[in-house]
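One structure is given below, encoded as structure tokens.
Residue numbers start from 1 in every chain, and the chains themselves are labelled A, B, ... in the order their sequence lines are given, proteins ahead of strands.
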There are 2 protein chains.
Amino acid sequence: MAEKRASAPRQSETPVRETAVDLTGPVEDYLKAIYDIERDQQAAATNEIAQRLQIAPASVSGMVRRLAEQGLLEYERYKGVKLTAAGRRAALRTIRRHRVIEAYLVQALGYSWDVVHEEAERLEHAASDDLIDRMATAIGEPSTDPHGAPIPTRDGRVDERRHRRLSELRPGQRALVTRVGDEDPELLRYLASLGLLPNATVTLDERAPFEGPLTIRVEQARYQVGTALAERVLVELLPD
Amino acid sequence: MAEKRASAPRQSETPVRETAVDLTGPVEDYLKAIYDIERDQQAAATNEIAQRLQIAPASVSGMVRRLAEQGLLEYERYKGVKLTAAGRRAALRTIRRHRVIEAYLVQALGYSWDVVHEEAERLEHAASDDLIDRMATAIGEPSTDPHGAPIPTRDGRVDERRHRRLSELRPGQRALVTRVGDEDPELLRYLASLGLLPNATVTLDERAPFEGPLTIRVEQARYQVGTALAERVLVELLPD
DNA sequence: TGAGCAAGTTAGTCACACCTAATTCAAATG
DNA sequence: CATTTGAATTAGGTGTGACTAACTTGCTCA
């Protein structure tokens, strides 16, 4: 706390040492968001970052420049951003924290899966790596969080397989639910009520035209769901 | 995040509503420190607050005025500060968080008692009340943290008995260790090596003049300790 | 009683991370 | 190829919580 003024660039002296940036909460959130966007597109657009973080696009421009200066991402004006190796490492560290915390809250403290996201969102910035590792150990080093998202390892590896969306299945195809969006408690409660949880088997029966509702089957039961929902459920195709 | 600008005073409209201040990390730290100081003195001095928080006294003056405006403390220039009921409530809430977290880390995650303070210091600002309650339940609602400090209840009650310091014993007196300072890992490890833990029985054998070392006995063993150490160990006199 | 001094305060800055409004850029369209 | 348009940026500003330097206050002791 005495050394809050530690942001001067500091020429030479040490051999660069740009890895030792201490990441504030907001910075970690930017990196997480950018990592997430990059999984789909190849460069993250200012607007999209702004939307995920619920802040004004103008704010993103400024922050992104600072992060680029710190070597966490590559940035060319008007061209979007890409994480550097250091940035990706930092993002994965935060994502690991988030997912371990979610898993721990559910498995060790009896939280319901629909509410852990918010709590994890705050704790991920405060927990030490040591704490995260202890939590992971305590619940048996799970490989995914309660919503099916893969947990990066201590050394930053993560299962990056790209699953398809339930909305992309063709009628008649059967698939295993692997992952669902973790943010919206309402959605999660609804999914649970349908039994549409990770590891459930789902079959797409038919799809109404013009982005209409999908008819699906989950363990015998038949439901109609909208495309918005079906886009938030990731699946892995099962052999017929 | 969209309503960051929620700090305008807002006249009338609602019947005052000054309880709904959302406490930032620094604010919680101020309140904790002031609560702590008030336990000894009757009003907290600017300098002392500054020292505990490791910031400049000038910074305290400004902050303290803001806290007074928010109804968290009473403040008269040059006279020190006192917590209001609301301020005390907020302080105790933070202290409860801190101590429950410390106890949980030790009892549920196998942390050693000398290192939990730092971790708790960060987590206490991020954990929800619900999480704290779950942690407390999981470890059987302990009444003290690992260093013997009493844990305030959900509704803000706390055992405020004033224990005496080991350094205040008279030669020949026997006492029960109730509590030790929680901040310094070095000190804690040393205390552990002497067996000077909460619930240990200690006897003061003699005290060298001029603030000299004290000779104590802990379970048969005899040690010489300095007054600085003896001041950080709180005890409860045992009947002879 | 008044001089000295430590404690406390004010004044003026700064970094951070956000904001709105105004502007610039790039890419698509006529 | 000029224009439109939406994305992105810059300009300028805010609140928070820290800082240093310069000042007041009030208390103690001669």
Side-chain angles (χ1 to χ4, degrees), chain A residues 1-10 21-34 37 41-70 72-82 94 121-122 125, chain B residues 1-10 21-34 37 41-70 72-82 94 121-122 125:
Chain A
M1 226 163 204
E3 59 281 13
K4 264 286 165 59
R5 280 300 157 76
S7 47
R10 178 205 294 196
V21 227
D22 68 334
L23 305 182
T24 62
V27 168
E28 293 182 330
D29 286 336
Y30 273 86
L31 296 176
K32 262 202 314 175
I34 293 166
I37 295 167
Q41 286 97 69
Q42 61 283 51
T46 301
N47 262 4
E48 191 146 0
I49 299 170
Q51 203 194 342
R52 300 230 181 186
L53 300 178
Q54 292 289 295
I55 61 181
S59 307
V60 173
S61 288
M63 185 60 137
V64 139
R65 188 151 20 81
R66 271 173 282 167
L67 296 183
E69 273 158 25
Q70 289 182 53
L72 294 166
L73 38 85
E74 280 167 53
Y75 170 50
E76 244 182 306
R77 266 153 56 272
Y78 294 100
K79 289 266 193 90
V81 302
K82 264 203 202 21
T94 307
E121 202 61 32
R122 280 176 285 105
H125 305 301
Chain B
M1 229 168 200
E3 59 279 15
K4 265 286 165 58
R5 279 299 156 76
S7 49
R10 178 204 295 193
V21 228
D22 69 334
L23 305 182
T24 61
V27 167
E28 292 182 331
D29 286 337
Y30 272 88
L31 297 176
K32 262 201 316 176
I34 294 167
I37 295 167
Q41 286 98 69
Q42 61 284 50
T46 300
N47 262 0
E48 191 146 0
I49 299 171
Q51 204 194 344
R52 299 227 181 188
L53 300 178
Q54 291 290 293
I55 59 181
S59 307
V60 173
S61 288
M63 184 60 136
V64 138
R65 188 155 18 82
R66 273 172 282 168
L67 295 184
E69 272 158 25
Q70 289 182 52
L72 293 167
L73 39 84
E74 281 168 53
Y75 171 50
E76 244 182 304
R77 268 156 52 276
Y78 295 99
K79 289 267 195 87
V81 300
K82 261 204 205 17
T94 306
E121 202 62 34
R122 281 176 284 106
H125 306 300

Gap between atoms [atom1] and [atom2], on [X] and [N] respectively (whole Å):
{"X": "A/Gln70", "N": "C/dC16", "atom1": "CD", "atom2": "P", "answer": "8 Å"}
{"X": "A/Met63", "N": "C/dC16", "atom1": "CE", "atom2": "C1'", "answer": "8 Å"}
{"X": "A/Leu23", "N": "C/dA17", "atom1": "CG", "atom2": "C1'", "answer": "15 Å"}
{"X": "A/Tyr30", "N": "C/dC18", "atom1": "OH", "atom2": "C1'", "answer": "8 Å"}
{"X": "A/Leu31", "N": "C/dA17", "atom1": "CG", "atom2": "P", "answer": "12 Å"}
{"X": "A/Glu28", "N": "C/dC16", "atom1": "CD", "atom2": "P", "answer": "16 Å"}
{"X": "A/Ile55", "N": "C/dC19", "atom1": "CD1", "atom2": "C1'", "answer": "10 Å"}
{"X": "B/Leu67", "N": "D/dG17", "atom1": "CG", "atom2": "P", "answer": "8 Å"}

Apply side-chain contact (heavy atoms from CB on, under 4.5 Å) to residues A/Ile34 and A/Val81 and explain how you reach the verdict. CA-CA 8 Å; A/Ile34 293 166; A/Val81 302; 3.9 Å; yes
Sequence neighbours left out, what passes side chain to side chain contact (heavy atoms under 4.5 Å, CB included) with B/Thr46? Give chain and number order.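 B/Thr46: side chain to side chain contact (heavy atoms under 4.5 Å, CB included) contacts with B/Pro57, B/Val60, B/Ser61.
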Using the side chain to side chain contact (heavy atoms under 4.5 Å, CB included) criterion, which residues pair with B/Gln42? Sequence neighbours excluded. none
Does B/Glu121 have any salt bridge (Lys or Arg N to Asp or Glu O under 4.0 Å) partners at least two apart in sequence or in another chain, and if so, which?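 Result, salt bridge (Lys or Arg N to Asp or Glu O under 4.0 Å) vs B/Glu121: B/Lys32.
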Could you work out, with salt bridge (Lys or Arg N to Asp or Glu O under 4.0 Å) as the rule, every residue matching A/Arg122, not counting sequence neighbours? A/Glu119
Polar pairs (N or O, both sides) under 3.5 Å between protein and nucleotides 1-8 of chain C?
unit_1	atom_1	unit_2	atom_2	d
C/dA7	O5'	B/Asn47	ND2	3.4
C/dG8	OP2	B/Asn47	N	2.8

B/Arg65 side chain N/O closer than 4.0 Å to the phosphate oxygens (OP1, OP2) of C/dT10?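 Answer is yes, contact under 4.0 Å.
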Just to confirm, is there a sub-4.0 Å distance from OP1 or OP2 of D/dG17 to any side-chain nitrogen or oxygen of B/Thr24? yes
How long is the span from the CD1 atom in A/Ile37 to the CG atom in A/Asn47, to the nearest 0.5 Å? 10.0 Å
Among residues at least two apart in sequence or on other chains, which ones pass side chain to side chain donor-acceptor pair (under 3.5 Å) with A/Lys82? none
When you measure from the side chain of [X], which nucleotide among [options] comes out closest?
{"X": "B/Ala58", "options": "D/dT9, C/dT10, C/dC18", "answer": "C/dT10"}
{"X": "B/Ala56", "options": "D/dC19, D/dA18, C/dT10", "answer": "D/dC19"}
{"X": "B/Arg66", "options": "D/dA18, C/dT20, D/dT16", "answer": "D/dT16"}

